[in-house]
Trainee: 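The structure's right below; bear with me while I get my questions together.
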Amino acid sequence: MKQCKRCLYTENHPLHITFDDEGICSGCRVHEEKFTLDWGEREEKLRTLLESYRNTDGMSYDCIVPVSGGRDSYYIVHVLKNVYGMNPLLVSYNKHYNTHVGIRNFQYLKTIFDCDTLQMVVQPQKVKKITKLTIKHLGSIYWHVLAGQSVFPVQCAVRFKIPLIIWGVHQGIDQVGMYSHTDEVEMTRRYRKEHDLIGYEAEDLLALDPDLTQNDLIQYVYPHDKEIEKVGVRGIYLGNYIPWDTKKQHEEMIETYGYETLLQQRTFDSYNDVDCVHYSGLHDFIKYMKFGYAKATDHACREIRWGRMSRDEARELVSAYEGIFPSDTRYLLEWLEMSEEELMTLLAPFQKTVPKLPSVHYSAKPPKGCRFTLTPSKVPSVKEEGYTLLEKGYI
């Protein structure tokens, strides 16, 4: 199988990576733009764009920002509020698979930046019903999360007539170079369906199970094109205007605001996706079964491109992490009242890779020159065992 001569991505990447005559992948080539573009000029374009949406009478919000207790939420809100002086409405989809660290990060985020926030919490019985169906038909435990967190901001934009949604980085650009930064690509319903939702909109699930109803899926339905057009909703990515470096950005947020990190099971990156029990666990293991690579590869390729990790170091880390069977599997099984045998039987038709499981769980030690900070817990008495829907706030 063809593999990039610079990073570790291969031609089976689901986002349709390409290779040039030198054997370098499109993701690495587009990443080179981060060292050559005039980012001062691009940030000025961002400033002009934001000014055109600023609400001058103070009677509404300037924009909508999707947030969570992980990823780049702190950095996005910091940039918009403290650098550009915007007044954002924060919106969040409750993914149900919450870690305590993620809930604390989310609650502190609202307090630190003094922003109004809306959170969508779908009835757990509906989420369980949908998840059982998507495991069976799509081989995914994460469809509801990807659907919810990508549609709720659009629903809010239409409902409250706030046309501008601001996301962090476009996955297709950052991983595989699907577009150039200068294309200034914006969010689209088509990309969401084809890549995030595995080709299935909420309405499409109805045909897969007669027991599923429109009421079960109403929170996941994308607004009609006419509603979007009437408000003028658009979604931009900060990564097209700022040289996106999630490791550097997280470390700034750790230092400035006390963002909490968390050791992950299947990757060395302790900054991203700390809010979800399954994202770097069972969800990532299923990804490895389907495509033959895992989150550790995504993170290793990113670090290679920034020059913080050698290709040999990357291979060693990926090899150590990618076969680990995630211990969080038991939490999903308990939640869905399903056996491990039943789960693996349902996932078997989607499996293309036979994982080589190590006999001993790998104890992660970040390589020299590529260290990820593990912050002390703000509430050490609370252990990460399972997940919870809601917890008390923090100040």
Trainee: Taking the side chain as C-beta and beyond, is there a heavy-atom pair between Val274 and Tyr259 under 4.5 Å?
Mentor: yes
Trainee: With the side chain counted from C-beta on, respond yes when Leu390 and Asn94 share a heavy-atom pair under 4.5 Å apart, and no when they do not.
Mentor: yes
Trainee: By salt bridge (charged side-chain N to carboxylate O under 4.0 Å, His left out), which residues pair with Glu22, not counting sequence neighbours?
Mentor: Arg29
Trainee: Is atom CD of Gln125 surrounded by more than 12 heavy atoms (other residues, nucleotides or ligands) closer than 6.0 Å?
Mentor: yes
Trainee: Does Asp275 reach the main-chain N or O of Asn98 with its side chain, forming a donor-acceptor pair under 3.5 Å?
Mentor: no
Trainee: Using a strict cut-off of less than 4.0 Å between a Lys/Arg side-chain nitrogen and an Asp/Glu carboxylate oxygen, indicate whether Glu51 and Arg47 qualify as a salt bridge.
Mentor: no
Trainee: Are more than 12 heavy atoms from other residues, nucleotides or ligands located less than 6.0 Å from atom OH of Tyr200?
Mentor: no
Trainee: Side chains of Cys115 and Lys81, heavy atoms from C-beta outward: is any pair under 4.5 Å?
Mentor: yes
Trainee: In the structure I gave you, are the side-chain heavy atoms of Trp39 and Lys34 within less than 4.5 Å of one another anywhere?
Mentor: yes
Trainee: Quick one: side-chain hydrogen bond (donor to acceptor under 3.5 Å, both in side chains) partners of His181, sequence neighbours excluded?
Mentor: Glu33
Trainee: So which atom in Met178 and which in Leu15 form the shortest heavy-atom distance, rounded to 0.1 Å?
Mentor: CE-O, 3.6 Å
Trainee: Going by an N to O cut-off under 4.0 Å, is there a salt bridge joining Arg189 and Glu201?
Mentor: yes
Trainee: Using a strict cut-off of less than 4.0 Å between a Lys/Arg side-chain nitrogen and an Asp/Glu carboxylate oxygen, indicate whether Lys295 and Asp284 qualify as a salt bridge.
Mentor: no
Trainee: Report the residues that fulfil side-chain hydrogen bond (donor to acceptor under 3.5 Å, both in side chains) with Glu44, sequence neighbours left out, ordered by chain and then residue number.
Mentor: none
Trainee: Are Pro153 and Trp167 side-chain neighbours, meaning at least one heavy-atom pair lies under 4.5 Å?
Mentor: yes
Trainee: Atom CG of residue position Asp114 - does it have more than 12 heavy atoms of other residues, nucleotides or ligands inside 6.0 Å?
Mentor: no
Trainee: Among residues at least two apart in sequence or on other chains, which ones pass salt bridge (charged side-chain N to carboxylate O under 4.0 Å, His left out) with Glu11?
Mentor: none
Trainee: Suppose we call two aromatic rings close when their centres sit under 6.0 Å apart. Are Tyr331 and His278 close by that rule?
Mentor: no
Trainee: Answer whether the closest heavy-atom distance between the side chains of Leu164 and Arg234 falls below 4.5 Å.
Mentor: yes
Trainee: Ignoring hydrogens and angles, tell me if any N or O in the side chain of Gln3 forms a donor-acceptor pair with the backbone of Met1 under 3.5 Å.
Mentor: no
Trainee: Walk me through whether Glu184 and Arg42 qualify under salt bridge (charged side-chain N to carboxylate O under 4.0 Å, His left out).
Mentor: CA-CA 10 Å; Glu184 297 173 15; Arg42 301 206 61 73; 2.8 Å; yes
Trainee: Does Asp72 reach the main-chain N or O of Ile76 with its side chain, forming a donor-acceptor pair under 3.5 Å?
Mentor: no
Trainee: Run the salt bridge (charged side-chain N to carboxylate O under 4.0 Å, His left out) check on Lys132 and Asp211 step by step: do they pass?
Mentor: CA-CA 12 Å; Lys132 286 182 178 180; Asp211 292 331; over 6 Å; no
Trainee: Start with the C-alpha gap between Lys287 and Arg266, add the side-chain angles, then the distance that decides, and say whether side-chain contact (heavy atoms from CB on, under 4.5 Å) holds.
Mentor: CA-CA 11 Å; Lys287 171 181 174 177; Arg266 293 178 45 80; over 6 Å; no
Trainee: His78 and Tyr257: side-chain donor and acceptor closer than 3.5 Å?
Mentor: yes
Trainee: With side-chain contact (heavy atoms from CB on, under 4.5 Å) as the criterion, how do Trp244 and Tyr75 come out once you've worked through the C-alpha distance, each side chain's angles and the decisive distance to 0.1 Å?
Mentor: CA-CA 11 Å; Trp244 206 260; Tyr75 182 75; 3.8 Å; yes
Trainee: Taking Tyr271 as the fixed residue, which of Lys247, Gln249, Glu251 is the one that meets the side-chain hydrogen bond (donor to acceptor under 3.5 Å, both in side chains) rule?
Mentor: Glu251
Trainee: Hey, can you tell me if Tyr293 and Phe291 have their rings parallel, tilted or perpendicular (30° and 60° cut-offs)?
Mentor: tilted
Trainee: So do Tyr321 and Thr297 actually touch side chain to side chain, heavy atoms under 4.5 Å?
Mentor: no
Trainee: Would you say Ile198 and Leu146 make side-chain contact, with heavy atoms under 4.5 Å?
Mentor: no
Trainee: For the residue pair Asp183 and Ser180, confirm or rule out a side-chain donor-acceptor distance under 3.5 Å.
Mentor: no
Trainee: Looking only at the aromatic ring of each residue, does the gap between the centers of Tyr97 and His283 stay below 6.0 angstrom?
Mentor: no
Trainee: Could I get the full list of ring-ring contact (aromatic ring centres under 6.0 Å, His included) partners for His137, not counting sequence neighbours?
Mentor: none
Trainee: Heavy-atom count check: over 12 atoms from other residues, nucleotides or ligands less than 6.0 Å from Asp21 CG?
Mentor: no
Trainee: For residues Tyr74 and Tyr108, report the shortest heavy-atom separation together with the two atoms involved.
Mentor: OH-CB, 3.5 Å
Trainee: Does atom NZ of Lys230 have more than 12 heavy-atom neighbours, drawn from other residues, nucleotides or ligands, at distances under 6.0 Å?
Mentor: no
Trainee: Between Asn12 and Thr10, does any side-chain donor sit less than 3.5 Å from a side-chain acceptor?
Mentor: yes
Trainee: Do Arg305 and Asp245 sit within salt-bridge range, that is, some charged N less than 4.0 Å from a carboxylate O?
Mentor: no
Trainee: Using 4.0 Å as the upper bound for N to carboxylate O, is an ion pair formed by Asp209 and Lys129?
Mentor: no
Trainee: Look only at the side chain of Thr375 and the backbone of Glu260, and say whether a donor-acceptor pair between them is shorter than 3.5 Å.
Mentor: no
Trainee: Does atom CD (Glu337) have a neighbourhood of more than 12 heavy atoms from anything else shown, all under 6.0 Å?
Mentor: no
Trainee: Answer yes or no: are there more than 12 heavy-atom neighbours, outside Ile218 itself, under 6.0 Å from its atom CD1?
Mentor: no
Trainee: Suppose clustering is done on Ile, Leu, Val, Met, Phe, Trp and Tyr with side-chain heavy atoms closer than 4.5 Å. Which residues sit in the same group as Ile304?
Mentor: Leu8, Val318
